[in-house]
There are 2 protein chains.
Amino acid sequence: MTATDGPCCAPIAREPLAEAEAAELAVLLKAVADPVRLRLLSMIGSHAGGEACVCDLTEAFDLTAPTISHHLKVLRTAGLIDSERRGTWVYYWVVPAAVARLGALFTPLAEPVAV
Amino acid sequence: MTATDGPCCAPIAREPLAEAEAAELAVLLKAVADPVRLRLLSMIGSHAGGEACVCDLTEAFDLTAPTISHHLKVLRTAGLIDSERRGTWVYYWVVPAAVARLGALFTPLAEPVAV
DNA sequence: GGTCTACTTAGACATCTTTCGAAGTAGGAG
DNA sequence: CTCCTACTTCGAAAGATGTCTAAGTAGACC
């Protein structure tokens, strides 16, 4: 640690990633490494009010409701989104800290990042 | 562009990702969404001189040489690393722009997450 | 040339993923 | 209570992925 080779590199390139940490991060990355889930995350995050109803999301794809539900579950299990049922509809929203963690991995920063 | 919601959100959360763009980004993300490839990328990026020989990388894993070679090919096909043969050994290095692109996807632009 | 080392490619196999249709659960309306 | 809508869970089929062994290529050295 404290391998301060300078602020030249993304955190991932400062020092070799430990095996356990790599496994944990891979789970997070696998969650977003799918076109449908990327679009879902983007749609939820950019939706007015910061929340989106599953019904809105399903309509945007040529996929069945169970498939969308599955992808939402993957994102939720990874901690990238959260949801709540209010009456008839279920609403999803983005967990900013989890998304930021992904960004921090690859972004060259001037300051040290405590991941 | 012209999504002047301010610097509050990661680019992915500014406006819905187009289908084609999501597919393209998913390819890049799939490349890093694996524990072995994450560690490879990290090892190459943090290696002295910015380059790493395949032989060094192979030794760090309990995997056979063909498997490591396969993972390196995936990273190379995605444009995240590049390689060159010099004499007996093959050297790999990171392509910073490709890594930065990943970071830019999820990082809130102006300010760190004020949580 | 022949051989050794350092990878890469090819083929095979087990496992994980994506997707669907069908059935289940939960809440609102009549 | 009965029905309708809005999801979620279950089970299965098709495809993608990670890993291996075996074989191929490329350079160094004798």
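Residue numbers begin at 1 in each chain, while the letters A, B, ... track the order of the sequences.
- At the phosphate of C:dC7, neither OP1 nor OP2 sits under 4.0 Å from any side-chain N or O atom of B:Ser69.
- Remark: A:Glu24 does not engage A:Lys30 in a salt bridge, criterion side-chain N to carboxylate O under 4.0 Å.
- Under a 3.5 Å cut-off, the side chain of A:Thr58 and the backbone N or O of A:Val54 do form a donor-acceptor pair.
- The 5' end of DNA chain D is approached more closely, in terms of each residue's nearest nucleotide, by A:Thr88 than by the other of A:Lys73 and A:Thr88.
- Among the nucleotides D:dT9, C:dT19, D:dT19, the one closest to the side chain of B:Val36 is D:dT19.
- Considering only side-chain N and O atoms, B:Tyr92 lies under 4.0 angstrom from the phosphate OP1 or OP2 of C:dT8.
- Relative to the six-membered ring of B:Phe61, B:Arg39 meets both conditions, a distance below 6.0 Å and an angle of at most 45° to the axis.
- The B:His71 side chain lies nearest to D:dT19 when the options are D:dT19, D:dG18, C:dT8.
- Not a single side-chain hydrogen bond (donor to acceptor under 3.5 Å, both in side chains) links B:Thr77 to another residue, sequence neighbours left out.
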Could you go through A:Val95 and A:Leu80, starting from their C-alpha distance and side-chain angles, then the distance that decides it, and tell me whether this counts as side chain to side chain contact (heavy atoms under 4.5 Å, CB included)? CA-CA 5 Å; A:Val95 177; A:Leu80 287 160; 5.9 Å; no
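- If you check residues 48-65 of chain A against DNA chain C, the residues with a heavy atom closer than 4.0 Å are A:Asp62, A:Leu63, A:Thr64, listed by number.
- Separating the OH atom of A:Tyr91 from the C1' atom of C:dA26 is a distance of 15 Å, rounded to the nearest angstrom.
- Between B:Arg85 and D:dT25 there is no side-chain N or O to OP1 or OP2 distance below 4.0 Å.
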